[in-house]
Amino acid sequence: MSTVDWKRSGDYEDIIYETAEGIAKITINRPERRNAFRPTTLFELQHAFNAARDDGDVGVIIFTGAGTEAFCSGGDQKIRGDDGYIGPDGVGRLNVLDLQVQIRRLPKPVVAMVAGYAVGGGHVLHVVCDLTIAADNAVFGQTGPKVGSFDGGYGAWLLAETVGLKKAREIWYLCRFYNAQEALDMGLVNTVVPLERLEEETVQWCREMLDKSPLALRMLKGAINAVSDGAAGMQQFAGDATLLYYMSEEAQEGRDAFKEKRRPDFSRFPRRP
Ligand SMILES: CC(C)(COP(=O)(O)OP(=O)(O)OC[C@H]1O[C@@H](n2cnc3c(N)ncnc32)[C@H](O)[C@@H]1OP(=O)(O)O)[C@@H](O)C(=O)NCCC(=O)NCCSC(=O)CCC(=O)c1ccccc1C(=O)O
């Protein structure tokens with residue numbers, strides 16, 4: 001049951017983009033294929049996540065799948081060619097990797113709202129989100145070694161960081177599926193709620209985050225991700241530090257002095273211990 005009056009926008013084929021109350025909701029809309037993604041889906045998702053990033057009214061993003069059967073079942077195996085997933089241009093792509101990086105770098109919390117299956121590349125997508133709210137019918141797992149695929153990036157080491165090395169190996173090597181309670185027990189999701197309360201609970205978590213300082217949340221996301229993203233994570237975090245510096249009078253004195261063709265006077269700014 002929806003507790004929000006969503007406003008739909010954008011002209012998409014495979015996804016739905018909606019906003020309300022400072023929340024953007026991005027939905028993979030291919031329920032007939034358990035929300036498997038193809039190149040078009042991923043290009044549209046990238047476009048929508050970018051729109052949510054740029055929209056100053058949006059503070060938090062929900063990522064979900066249409067219907068109650070699946071969040072996402074990974075790459076669409078029916079259009080998988082010999083070197084990736086084939087789009088309308090006939091080119092093979094693995095462009096889900098670009099989306100994973102985009103979600104990690106996006107300076108607003110992204111919440112995976114999972115009903116039904118989150119498996120294969122769809123499982124990796126919830127892993128890269130900041131939080132996961134699961135319905136009690138949710139099912140999690142990796143299938144790569146069964147269908148001739150693997151994710152050696154975030155899908156491997158971020159999963160290991162999330163649930164521990166032994167459990168991550170089990171998930172990948174055995175390709176078992178895990179129910180929502182098992183996922184909660186291993187720290188793979190934040191909470192489990194009855195399916196009919198999934199959106200209501202997810203929106204409540206979003207509202208609580210929207211009450212908080214956006215810059216503090218941005219810095220925390222950058223800080224938490226920097227540890228595991230190495231130089232790329234530090235680059236993101238350093239960019240956030242530069243943003244904060246730009247917003248200071250001290251940095252603005254340097255800019256203003258240049259524009260006014262005078263020597264900058266930084267003497268009034270403290271040298272803090
Ligand atoms: C998800 C299932 C367990 C659901 O089972 P069930 O509820 O019984 O429904 P079905 O009858 O099986 O499915 C209904 C309908 O949907 C079609 N379908 C389901 N999943 C897919 C899919 N992934 N691709 C294409 N079609 C799908 C299914 O065929 C049915 O349609 P029909 O017309 O009746 O045929 C179950 O469906 C299932 O196990 N699905 C497959 C899960 C899977 O193995 N996914 C692929 C994993 S590999 C991957 O995702 C690669 C991702 C990637 O791009 C990548 C690239 C580079 C590095 C890493 C990665 C990465 O792995 O992330």
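Nothing fancy with the numbering, it's 1 onward along the sequence. Each ligand, and each atom within it, is numbered from 1 in the order the structure gives.
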S.K.: Inspect the contact between Asp5 and Lys7 and indicate whether a charged nitrogen and a carboxylate oxygen are less than 4.0 angstrom apart.
M.R.: yes
S.K.: In terms of relative ring orientation, are His123 and His126 parallel, tilted or perpendicular, with 30° and 60° separating the classes?
M.R.: perpendicular
S.K.: Is the backbone of Phe37 close enough, under 3.5 Å, to the side chain of Asp76 for a donor and an acceptor to pair up by distance?
M.R.: no
S.K.: Can you see which heavy atom on Glu13 is nearest to which on Arg38, and at what distance?
M.R.: OE2-NH2, 3.3 Å
S.K.: What pairs meet the side-chain hydrogen bond (donor to acceptor under 3.5 Å, both in side chains) rule with one or both residues in residues 231-248, with sequence neighbours excluded?
M.R.: Arg218-Asp240
S.K.: Just the distances, no angles: every ligand 1 N or O to protein N or O pair closer than 3.5 Å, one line each.
M.R.:
| unit_1 | atom_1 | unit_2 | atom_2 | d |
| --- | --- | --- | --- | --- |
| ligand 1 | 7 (O) | Arg34 | NE | 3.1 |
| ligand 1 | 7 (O) | Arg34 | NH2 | 3.2 |
| ligand 1 | 9 (O) | Arg34 | NE | 3.3 |
| ligand 1 | 9 (O) | Arg34 | NH2 | 3.2 |
| ligand 1 | 16 (O) | Glu32 | O | 3.3 |
| ligand 1 | 20 (N) | Ser73 | OG | 3.1 |
| ligand 1 | 23 (N) | Ser73 | O | 3.1 |
| ligand 1 | 23 (N) | Ser73 | OG | 3.3 |
| ligand 1 | 23 (N) | Gly75 | O | 3.0 |
| ligand 1 | 24 (N) | Gln77 | N | 2.9 |
| ligand 1 | 29 (O) | Lys78 | NZ | 2.9 |
| ligand 1 | 31 (O) | Lys78 | NZ | 3.2 |
| ligand 1 | 33 (O) | Lys78 | NZ | 3.4 |
| ligand 1 | 35 (O) | Lys78 | NZ | 2.9 |
| ligand 1 | 44 (O) | Thr143 | OG1 | 2.7 |
| ligand 1 | 45 (N) | Ser73 | O | 2.8 |
| ligand 1 | 50 (O) | Gly75 | N | 2.7 |
| ligand 1 | 50 (O) | Gly121 | N | 2.8 |

S.K.: Measure across Ala180 and Ala135 and return the closest heavy-atom pair with its distance rounded to 0.1 Å.
M.R.: CB-O, 3.5 Å
